[in-house]
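These notes are about the structure you will find just below.
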Amino acid sequence: MSVLKKSYDKHGNHYNQSASENLDGWLRTDTADHWRYERKYELVNAFSHHPDWTWVTVGDGRLGLDSVNIKKRGINSVLPTDIADSLLIKAKAEGLIEEYSCENAENLSFEDESFDVAYCKESYHHFPRPTIALYEMLRVARRAVILVEPRDYMIDGSKYHPRGPKGLMKDFIKWIRARLNLPEKEIPLSQRYNFGDEASYEEVGNYIFTISSREIEKIALGLNLPAVAFKGLNDYYDPILGSEPKDDSSELFREMKERIKDADEKVAAGYGTTSMLMAIIFKQSPDAQTREYLSKTEWVLKDLPRNPHLK
């Protein structure tokens, strides 16, 4: 059996086990965990003035709840998909969703531009070949693809480096060396390449991928697409959050919000980057209302140059 086939099968079986352990918590809307997830649907509001656009959710095996939450924000048609359909069958039987499709994200069965928007939240990093899945989403979407995923801080580290005693000392030493016309200190060969930390894998066997704004931008440029948009998001996870109320009566809920607030303040001061990244790849230039929403809600929208050699 190939490595890919093993990964696909393991992910499919994983949901059968997760369902029995987490089903009740997934359906609750009064928990701290639900508060976390609500923040990851904020970007749907950028398109809520187009309620009749058709959406597809990719990797939405947890009862199709991504599609349910997108619909709650005013989108009329959302088709949930996942490589495992056991929970999607259950969700349809219980009236949570109307339809679904069992799909391998790396080989979607839909025709080109079958939907207006493709949405993938916290599933991309599970895929064995996520870039292939992203190109598939771009193939089946007419207007935009949305990702909400863990962020690669090795690539997306802050461009602003705050000055502290260490920074001042380094600058001073650099200034002295320049004044004395001393040769630059040679950097060891091993430090001339940017490798990540120790590799992370899930129990089902896949390497955990992360995304960065630069990688997303390059994919859009390679396809001659008009724009990308990004917003960082700090998150905090604890398994207990699924049973904690989302109000200040919960000490853990208060602690979660405080940790997120502290992380936001550090990012704003230039210390590192957010733990997650929300990204929109536009296949058509965003309209005025979408641009206005993104601007008001601290998104960074970048209009990309068009390839001059492609008419």
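Computed from heavy atoms alone, side chains included, the values below leave out hydrogens, waters and symmetry copies.
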Legend entry - Donor-acceptor pair between Glu292 and Ser295 side chains, under 3.5 angstrom: no

Legend entry - CD (Glu202) with more than 12 external heavy atoms under 6.0 Å: yes

Inset, instruction - May I ask you to decide whether Glu258 forms a salt bridge with Arg254, counting only side-chain N to carboxylate O separations under 4.0 Å? - result: no

Inset, instruction - Flag yes if more than 12 heavy atoms outside Arg192 fall under 6.0 Å of its CZ atom; otherwise flag no. - result: yes

Inset, instruction - Hey, could you give me the CZ/NE2 distance between Arg39 and His34, rounded to the nearest 0.5 Å? - result: 13.5 Å

Inset, instruction - Would you mind listing every ring-ring contact (aromatic ring centres under 6.0 Å, His included) that reaches into residues 173-207, with sequence neighbours excluded? - result: Tyr201-Tyr207, Tyr207-Phe209

Inset, instruction - Answer yes or no for Lys296 and Tyr293: cation-pi contact, defined as NZ/CZ to six-membered ring centre under 6.0 Å and angle to ring axis within 45°. - result: no

Show every donor-acceptor pair shorter than 3.5 Å between a side-chain atom in residues 131-138 and any protein atom, with sequence neighbours excluded, or say none if there are none.
unit_1	atom_1	unit_2	atom_2	d
Glu136	OE1	Leu108	N	2.7
Glu136	OE1	Arg139	NH2	3.1
Glu136	OE2	Arg139	NE	2.9

Legend entry - Criterion side-chain hydrogen bond (donor to acceptor under 3.5 Å, both in side chains) on Asn234 and Asp264, from CA distance to verdict: CA-CA 7 Å; Asn234 280 307; Asp264 288 344; 2.8 Å; yes

Legend entry - Presence of salt bridge, Glu298 and Lys231, under 4.0 angstrom: no

Inset, instruction - May I ask you to say whether Asp248 pairs ionically with Lys257, meaning some side-chain N is under 4.0 Å from a carboxylate O? - result: yes

Inset, instruction - Measure up the Phe47 and Trp55 rings against each other and bin them: parallel (under 30°), tilted (30 to 60°), perpendicular (over 60°). - result: perpendicular

Legend entry - Cationic N near anionic O, under 4.0 Å, Arg73 to Glu38: yes

Legend entry - Closest heavy-atom pair and its distance - Ser213, Phe230: O-CZ, 3.4 Å

Inset, instruction - For atom NZ of Lys40, decide whether the heavy atoms of other residues, nucleotides or ligands shown that lie under 6.0 angstrom number more than 12. - result: yes

Inset, instruction - Indicate whether the side chain of Thr210 and that of Glu149 have a donor and an acceptor atom separated by less than 3.5 Å. - result: no

Inset, instruction - May I ask you to check whether Asp287 and His49 show a side-chain donor-acceptor distance below 3.5 Å? - result: yes

Inset, instruction - Can you establish whether the number of heavy atoms outside Lys71 located under 6.0 Å from its atom NZ is more than 12? - result: yes

Inset, instruction - Kindly give the heavy-atom pair with the smallest separation between Ser250 and Phe253, and that separation in Å. - result: OG-N, 3.0 Å

Legend entry - Shortest non-hydrogen contact from Leu88 toward Gly64: CD2-N, 3.5 Å

Legend entry - Exceeds 12 heavy-atom contacts within 6.0 angstrom, atom CD1 of Ile240: no

Legend entry - Asp33/Arg36 salt bridge by N-O under 4.0 Å criterion: yes

Legend entry - Ion pair Lys92/Glu98, N-O distance below 4.0 Å: no

